[in-house]
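Note: hydrogens, waters and symmetry copies are ignored here, and every other heavy atom, side chains too, is used. Numbers restart at 1 for each chain; the letters A, B, ... are given by sequence-line order, proteins then strands. Because the structure is predicted, anything quoted here is derived from the model rather than measured.
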Amino acid sequence: MIETTTAYAETPEHATSPDDMEATTEPPGGFARLGLSEPILRAIAELGYREPTPIQEQAIPFVLMGRDVLGTAQTGTGKTAGFTLPMLDILTGSRARARMPRSLILEPTRELALQVAENFVQHGKYLKLSHALIIGGESMSDQKDVLTRGVDVLIATPGRLLDMFERSGILLSDTRILVIDEADRMLDMGFIPDVERIVSLLPATRQTLFFSATMAPEIRRLADAFLRNPKEIAVAPPASVATTITTGLVLVAEHDKREALRRMIRHEQVQNALIFCNRKRDVEILYRSLMRHKFSAGALHGDMSQPVRFATLDKFKAGELKLLVCSDVAARGIDIGGLSHVFNFDVPHHPEDYVHRIGRTGRAGLEGHAYMLATPDDRVAVEAIEKLTGQPIPRIAVEGLDPVEWAAELGKKRKPRGRHGVPSQPGAKARAKPPASKRLAGKPSAVPTSEVTPARARRSREDDLGPGVLGFGDEMPAFMLVTARPSRRRVRASAQKQEKQG
DNA sequence: AAAAAAG
């Protein structure tokens, strides 16, 4: 791997300003002004925090006052410290009783829960507070043991928390601080009934902090139900694309996607990148493909075991992995410092997901890059994204790939599939021909057949399926490799089927 | 259309 060595404009001596000197020895003035106590100021000074971010500046004093807070903010705005720091301050001084956590933080994903827990450990370094992480996929008895000893802060995903409650492992009657984080995502994922149930188990007299990246009407209704006279705080307009992110869109044929991605990765100065796929199985396929091509890559999606999920994320954060192929499990919240690139290998179906995905880069004022691959079928989804963000995504070209154009409007529909994702057998005659609209459209074929050489097609398939169609060796009949469009998928599917059987 | 979270 070739590392680009940058000539630094400043020598280390020049970089050490009086400001830096002061910050390492004394609490940062900005945070002290917010009313945080000395042990917390010391911890955050050691972490290198200088000045509070806007959300911290606005939220911390009100949380310390015991007010409810309704915050519109995404991760990367310093939101987490905005609630952990004052919570630590409030909780310090008295002790937790067995199985009666004094505060509860609800997170939509396990990775986010872990991240918040790490924040508590760092920020509470000089305090004697305990926490428990209550999430699925890991030993319940270990989690129970911690709870029995008594915890000040419980950080949980809703499913496991309720499970634990039903098994009488937890009493929530003394939980006087509640944080609902990433409320919009909880809503998207259908967790709201669980959240409502959990809230009903908490005392009515409590302090509630409610955060969401957007404040859609449904979210606001929830906030109204959970909060009392909240202080409202907003720091980032929803659905905006930060100006520090360079975006680009590559229109490419389906079978060229992996090749296009590899070329982009090699061409760009990629420090570390998230690569999003829409489906878990595509995460696996792309991950294996990148490994075969000797990239430093890992994979992350919700069907992987929890220890592997955390271990992979750790490695990626530590820089041991350069690329992380992932599903939308990583689209929101996960805070990875200095991510240079986000690649959307698939166009997300929900335009908001695009905003969340690319929001993983271009953070903390650093330059970010967000490139997306689109196939001719993705036109509608791309237009929806551009409409939402109000910014067209500049079209960029990747050298050496077949030029393609958007599919005709009526041709965008996917062919219905038979059971198990395998197209119905040829007997279903309606499917043997392209839709009439396509034949009549008069557009040039998206991929000129003459340019799809058997070698190219074979390479593409091998990338996908390993050895290719079994039984033909290198003498595979040309018709199986390049024919009219509708059959390509069928050939692949049958090859896949053959491989499974053989 | 699919992802996440309780197994």
task = Classify the side chain of A:H301 and the base of B:dA4 as holding, or not holding, a donor-acceptor pair under 3.5 Å.
result = no
request  = Classify the nucleic acid contact of A:G190 as base, sugar-phosphate or nothing, counting any heavy atom under 4.0 Å across all strands shown.
outcome  = nothing
request  = Could you check how far CG of A:D188 sits from P of B:dA1, rounded to whole Å?
outcome  = 17 Å
request  = Establish, with yes or no, whether the OP1 or OP2 oxygen of B:dG7 is under 4.0 angstrom from a side-chain nitrogen or oxygen of A:R160.
outcome  = yes
remark   = Those residues at least two apart in sequence (or on a different chain) that pass side-chain contact (heavy atoms from CB on, under 4.5 Å) with A:T175 are A:P101, A:L104, A:L172, A:L202
request  = Please check the phosphate of B:dA4 (OP1 and OP2 only) for any side-chain N or O of A:S327 closer than 4.0 Å.
outcome  = yes
message = With a 4.0 Å cutoff (strictly under), does any side-chain N or O of A:T157 reach OP1 or OP2 of B:dA6?
response = yes
query = Within this structure, what is the CZ-to-C1' distance between A:F276 and B:dA3, rounded to whole angstrom?
reply = 12 Å
inquiry  = It should be established whether A:R309 places a side-chain nitrogen or oxygen under 4.0 Å from OP1 or OP2 of nucleotide B:dA5.
reply    = yes
query = Considering only heavy atoms from C-beta outward, does the side chain of A:R206 approach that of A:V199 to under 4.5 Å?
reply = yes
ask   = Can a salt bridge be assigned to the pair A:R263 and A:E268 using a cut-off of 4.0 Å between side-chain N and carboxylate O?
value = no
message = If you count heavy atoms of other groups shown closer than 6.0 angstrom to CD of A:E218, is the number above 12?
response = no
ask   = Of the nucleotides B:dA4, B:dA2, B:dG7, which has the atom closest to the A:D163 side chain?
value = B:dG7
remark   = Whole-Å distance, A:I170 CD1 to B:dA6 P, equals 12 Å
ask   = Nearest-Å distance, CG (A:D328) to C1' (B:dA1)?
value = 12 Å
inquiry  = Whole angstroms only, please: what is the CG-C1' distance between A:D303 and B:dA5?
reply    = 11 Å
task = For A:Q306 and B:dA6, give me the distance from atom CD to atom P, rounded to whole Å.
result = 9 Å
inquiry  = At less than 4.0 Å, is any side-chain N or O atom of A:R110 found next to OP1 or OP2 of B:dA5? Yes or no.
reply    = yes
message = For a quick test of reading the model: is some side-chain N or O of A:R167 closer than 4.0 Å to OP1 or OP2 of B:dG7?
response = no
query = Think A:R279 has a side-chain N or O under 4.0 angstrom from the OP1 or OP2 of B:dA2?
reply = yes
query = What is the distance from CG of A:L106 to C1' of B:dA4, rounded to the nearest Å?
reply = 15 Å
ask   = Taking only residues two or more places apart in sequence or in another chain, which ones pass side-chain hydrogen bond (donor to acceptor under 3.5 Å, both in side chains) with A:D68?
value = none
note = Between CZ of A:R281 and P of B:dA2 the distance, given in whole Å, is 10 Å
